Engineer: 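Sharing a structure, written as structure tokens. Questions coming.
Order of appearance sets the numbers: ligands from 1, and atoms from 1 within every ligand. Since we're looking at a predicted model, the values are computed, not measured.
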Amino acid sequence: MSVHLRVAVPADFPAVVRLMNVAYRGSGPGASWNTESTFLAGDRTSEALLREELSASPDAALLVIDDPEDAAVKGCVFLEPVSGGVWYLGSLTVDPRLQAQGLGRQLLHAAEQWVAQQGARTIRMKVIHVRDTLIAWYLRRGYLLTGETHPFPYGDDRFGIPLRDDLTFVVLEKRLAG
Ligand SMILES: CC(C)(COP(=O)(O)OP(=O)(O)OC[C@H]1O[C@@H](n2cnc3c(N)ncnc32)[C@H](O)[C@@H]1OP(=O)(O)O)[C@@H](O)C(=O)NCCC(=O)NCCS
């Protein structure tokens, strides 16, 4: 099975926002197996924030995958060149109804191939340190913890409201083959 990535257009933004909010912050039955809802409340993003992030990074790409049956957006990923062949990967998301069936793995692989075609040699990402099962998932995909950490943006509630005061980001990195 392979996934087809396409660059999101503004008409996709409402669906991408709904997808990200339910995947990152949904709770109860049907929530993502790695939901953030136990340590972050509120929405993950909004259309305004998405537009702001994309306009702040003109070289970045928001890619989506569509459901072949009804053309609904079922996954997304944000990719941004940093420097010297390093690309940042964020917002990797799969519709929770379709999770744990291998789609996330395929989406990540397709994103790695997409950036490699743009000349990327390394992918970096930040993950909140308490997300053990998600970090383990990335380690199984060949990512390594670099040992770097970044402070959580306490005081800036645009990405959600922290429910604990010890959150921090860890950095993961993968060297792409070739
Ligand atoms: C992270 C994400 C993209 C993965 O997508 P997915 O479709 O669930 O991933 P896959 O089906 O390919 O993989 C599921 C894996 O999770 C494991 N898994 C499933 N349920 C689990 C659970 N409750 N606890 C731990 N691992 C679990 C499976 O064993 C499988 O592992 P393997 O591929 O190493 O065998 C998706 O879960 C998601 O959208 N999460 C919310 C958004 C988010 O936080 N993204 C991360 C941004 S850094």
Engineer: Measure from atom 27 (C) of ligand 1 to every heavy atom in Phe169, Tyr138, Trp33 and give the option owning the shortest one.
Structural biologist: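 When every heavy atom of Phe169, Tyr138, Trp33 is considered, Trp33 comes closest to atom 27 (C) of ligand 1.
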Engineer: Do Leu92 and ligand 1 have an N or O pair less than 3.5 Å apart?
Structural biologist: yes
Engineer: Any non-hydrogen side-chain atom of Asp66 less than 4.5 Å from a side-chain atom of Lys74?
Structural biologist: no
Engineer: Which atoms of ligand 1 have any heavy atom of Ser32 under 4.0 Å away?
Structural biologist: 37 (O), 40 (N), 41 (C)
Engineer: Knowing that exactly one of Val7, Leu19, Val73 qualifies, which makes a side-chain contact (heavy atoms from CB on, under 4.5 Å) with Asp12?
Structural biologist: Val73
Engineer: Could you tell me whether some N/O pair between Leu134 and ligand 1 is separated by less than 3.5 angstrom?
Structural biologist: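 No.
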Engineer: Any idea which protein heavy atom is nearest atom 47 (C) of ligand 1, and the distance to it?
Structural biologist: Tyr24 OH, 3.1 Å
Engineer: I'd like the name of whichever of Arg131, Lys126, Met125 reaches closest to atom 44 (O) of ligand 1 through any heavy atom.
Structural biologist: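 Checking each option, the heavy atom nearest atom 44 (O) of ligand 1 is found in Arg131.
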Engineer: Closer than 4.0 Å to some heavy atom of Ala100 - which atoms of ligand 1 meet that?
Structural biologist: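 In order of numbering, the contacting atoms are 6 (P), 7 (O), 8 (O), 11 (O), 14 (C).
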Engineer: Tell me whether Arg141 reaches ligand 1 (any heavy atom closer than 4.0 angstrom to a ligand atom).
Structural biologist: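 Yes.
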Engineer: For Gly104 and ligand 1, does the shortest N/O to N/O distance drop below 3.5 Å?
Structural biologist: yes
Engineer: Hey, does Leu144 have a side-chain heavy atom less than 4.5 Å from the side chain of Lys174?
Structural biologist: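 A side-chain contact is absent here, since even the closest heavy-atom pair is not under 4.5 Å.
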Engineer: Under a 4.0 angstrom heavy-atom cut-off, which atoms of ligand 1 come close to Thr133?
Structural biologist: 24 (N), 25 (C)
Engineer: Which ligand 1 atoms does Thr93 reach within 4.0 Å, using its non-hydrogen atoms?
Structural biologist: 39 (O)
Engineer: Is Val94 touching ligand 1 with its side chain, its backbone, both, or neither, if touching means heavy atoms under 4.0 Å apart?
Structural biologist: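 Val94 to ligand 1: contacts from backbone and side chain alike.
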Engineer: Please list, chain by chain and in numerical order, all residues satisfying salt bridge (Lys or Arg N to Asp or Glu O under 4.0 Å) with Glu173, sequence neighbours excluded.
Structural biologist: Arg124
Engineer: So, is Gly102 polar-close to ligand 1, with some N/O to N/O distance under 3.5 Å?
Structural biologist: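 There is such a contact, yes.
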Engineer: Salt bridge or not for Glu112 and Arg141, using N-O below 4.0 Å?
Structural biologist: no
Engineer: Does any N or O atom in Arg140 lie less than 3.5 angstrom from one in ligand 1, N or O only?
Structural biologist: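 Yes: some nitrogen or oxygen of Arg140 is under 3.5 Å from one in ligand 1.
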